[in-house]
2 protein chains.
Amino acid sequence: MNAPLSLSHLKTACSNCNLRELCLPVGLTHEEVESLDELVYTRKRIKRGESLFRAGDAFQSLYAIRSGFFKTRVATDDGRDQVSGFQMAGELLGIDGIGTDAHNCDAVALEDSEVCIIPYGKLEELARRFTPLQHHFHKVMSREIVRDHGVMLLLGSMRAEERLAAFLLNLSQRFTARGYSASEFILRMTREEIGSYLGLKLETVSRTFSKFQDEGLISVQQKHIRITDIPGLKRVMGQSGASC
Amino acid sequence: MNAPLSLSHLKTACSNCNLRELCLPVGLTHEEVESLDELVYTRKRIKRGESLFRAGDAFQSLYAIRSGFFKTRVATDDGRDQVSGFQMAGELLGIDGIGTDAHNCDAVALEDSEVCIIPYGKLEELARRFTPLQHHFHKVMSREIVRDHGVMLLLGSMRAEERLAAFLLNLSQRFTARGYSASEFILRMTREEIGSYLGLKLETVSRTFSKFQDEGLISVQQKHIRITDIPGLKRVMGQSGASC
DNA sequence: GCCGCGGGTTGATCCATGTCAAAATGCGCC
DNA sequence: GGCGCATTTTGACATGGATCAACCCGCGGC
């Protein structure tokens, strides 16, 4: 089922990975990136619907998404759960596990995906030797915190339309950073997953998509989205009490 | 207005701080904690209502709360804002600034407070030399992420009563960890600030407090809270779809 | 001791979003 | 290529919490 080890190993090198401008190597010198190569020596394929890790699993490694698309999901003990994020190529999964030596959420592939396995112990060791790597890793974690604060702001103070507009604009921007179209993309997740992430019910997500379409902001057909009026969406996002 | 420098300096030492079981030194050996002493050499007093830092300020240092109580607040460009957390003695402020070299939120003292200034560059340097410190610092950041996911879950999927119950239980637990009563405390924040944090309006917070009181779960008098039925509050928190 | 004001409580009403239901669409599997 | 199921859309109705408004309380200042 797995690719032969040698082949897999051959391909695994941050220094010639086309995601190095998005992933851990950002801002490192060529030499420093080569030191990462010794760190990241295994890849893993995850099929759509499968989990990379689950809440409670022992924490060993971080994972850099090489290709594909994931969602992370947190749960309460009484059975409720919520999507806590959607991750795409170049982003890091598993940081939540550092604090308790066990993962605190499930990471589920929303399409067939591939991740680079980053043994955490080795990363810490390397971070002690290479200041820029240490610095960059701290930045990645800090930005994750800032991102979460943004989501909290969205969940705590925005209305359904604003949330969805923010969501679409965020996706658009992340696709742009990866060289894809800013205005046309395929949603990898269901309405229910979008709703869970945004604190809305799937019907509300669907209705709001339809509303945006009626208003000429986007065109939706199932999972296919085309944003036809980016400034318009931005206006939706900031419209609540903004008049004063 | 400031205490004489020498005096302030004399007192500043993690190794004999009574918060060392809650703060950065957790889990470090005595020798390692002494190395922290060289790091933390200044304290700062913040009066009630004043800001320790504001969004946009250049990031230089982290701050460990030595005494007092803070809120952090994030804002959108269109003027909305939201309380993103309440921090008490032993907790760390400023981590949000690492990612962009500028703070992303305001930290406001809710009572006269004192913080230890931890120059970030020095902390990174020390983390390179002392593995346990590095490890611990990463854990602190990771736990912050996990905490934020918990708040996202609360904001996205809990009803007003559940949110407030979770909030009270969280405060109770944190006071306990500091040696204070688990069941009786003074709220340092207004109803509006609680509401902002929980994604509710102040009227809803007030009404829900009254409801809890009618049900015999707590007794409220302005900022004075006594929890009379902790298991009852826990039941409120997990009641939604929990029957099946 | 009194006054003024910020913060808190409570009531009446409204509305955004949830809930329930049913039909339509599209995709995977045989 | 057709069947069946998951997903999406849309409609009708219910409701939790927001909004608006009035009043109360307690604290700090004079």
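Please read these numbers as outputs of a predicted model, since none were measured by experiment. Residue numbering restarts at 1 for every chain, and letters A, B, ... go by the order of the sequence lines. Every heavy atom of this structure was used, including side-chain atoms; hydrogens, water molecules and symmetry mates were not.
- The number of heavy atoms from other shown groups lying within 6.0 Å of CD (A/E192) does not exceed 12.
- Atom CZ in A/R188 sits roughly 16 Å away from atom P in D/dT7 (whole-Å rounding).
- Across C/dT9, D/dT10, C/dT17, the shortest atom-to-atom separation from the side chain of A/A160 is found for C/dT17.
- Comment: B/R178 does not engage B/E21 in a salt bridge, judged by the lack of any side-chain N to carboxylate O separation of less than 4.0 angstrom.
- Each of B/D148, B/D106, B/N104, B/T72 was evaluated against B/S84; a single residue qualifies, B/T72, per the side chain to side chain donor-acceptor pair (under 3.5 Å) test.
- Mapping A/Q221 and B/Q221 onto DNA chain C by nearest heavy atom places B/Q221 closer to the 5' end of the strand.
- Counting only residues at least two apart or on different chains, no salt bridge (charged side-chain N to carboxylate O under 4.0 Å, His left out) pair has a member in residues 199-210 of chain B.
- Taking only distance into account, the side chain of B/R207 never meets the base of D/dG16 through a donor-acceptor pair shorter than 3.5 Å.
- One axis for each end of the helix from C/dG1-D/dC30 to C/dC30-D/dG1, each built from five base pairs, and the angle between them comes to 60° at 10° resolution.
- Using a cutoff of 4.0 Å between basic side-chain nitrogens and carboxylate oxygens, A/E111 and A/R188 are scored as salt-bridged.
- Remark: aromatic rings of B/Y180 and B/F185 are distant, center separation not under 6.0 Å.
- Listed nucleotides: D/dG16, D/dT9, C/dG18. Nearest to the side chain of A/S206: D/dT9.
- In this structure, A/I218 atom CD1 and D/dT8 atom C1' are separated by 14 Å, rounded to whole Å.
- The phosphate of D/dG16 (OP1 or OP2) has no side-chain N or O of B/T204 nearer than 4.0 angstrom.
- Atom NE2 of A/H224 and atom P of D/dT8 are 15 Å apart (whole Å).
- B/M189 has its CE atom 11 Å from the P atom of C/dG8, to the nearest Å.
- Using a cut-off of 4.0 Å between Lys/Arg side-chain N and Asp/Glu carboxylate O, A/K211 and A/E161 are scored as salt-bridged.
- Salt bridge status for B/E193 with B/K71: present, with a side-chain N to carboxylate O gap under 4.0 Å.
- With C/dG26, D/dC20, C/dG7 as the choices, the nucleotide that has an atom nearest any side-chain atom of A/Q222 turns out to be C/dG26.
- Of the residues in residues 191-203 of chain A, those with a non-hydrogen atom less than 4.0 angstrom from any atom of DNA chain D are A/R191, A/L202, A/E203.
- Remark: A/S219 OG to A/E184 CD distance equals 7.5 Å, nearest 0.5 Å.
- Side-chain atoms of A/K223 lie closest to D/dT7 of the nucleotides D/dT7, D/dG16, C/dT9.
- Atom pair B/I186:CD1 and D/dG26:P shows a separation of 14 Å (rounding to whole Å applied).
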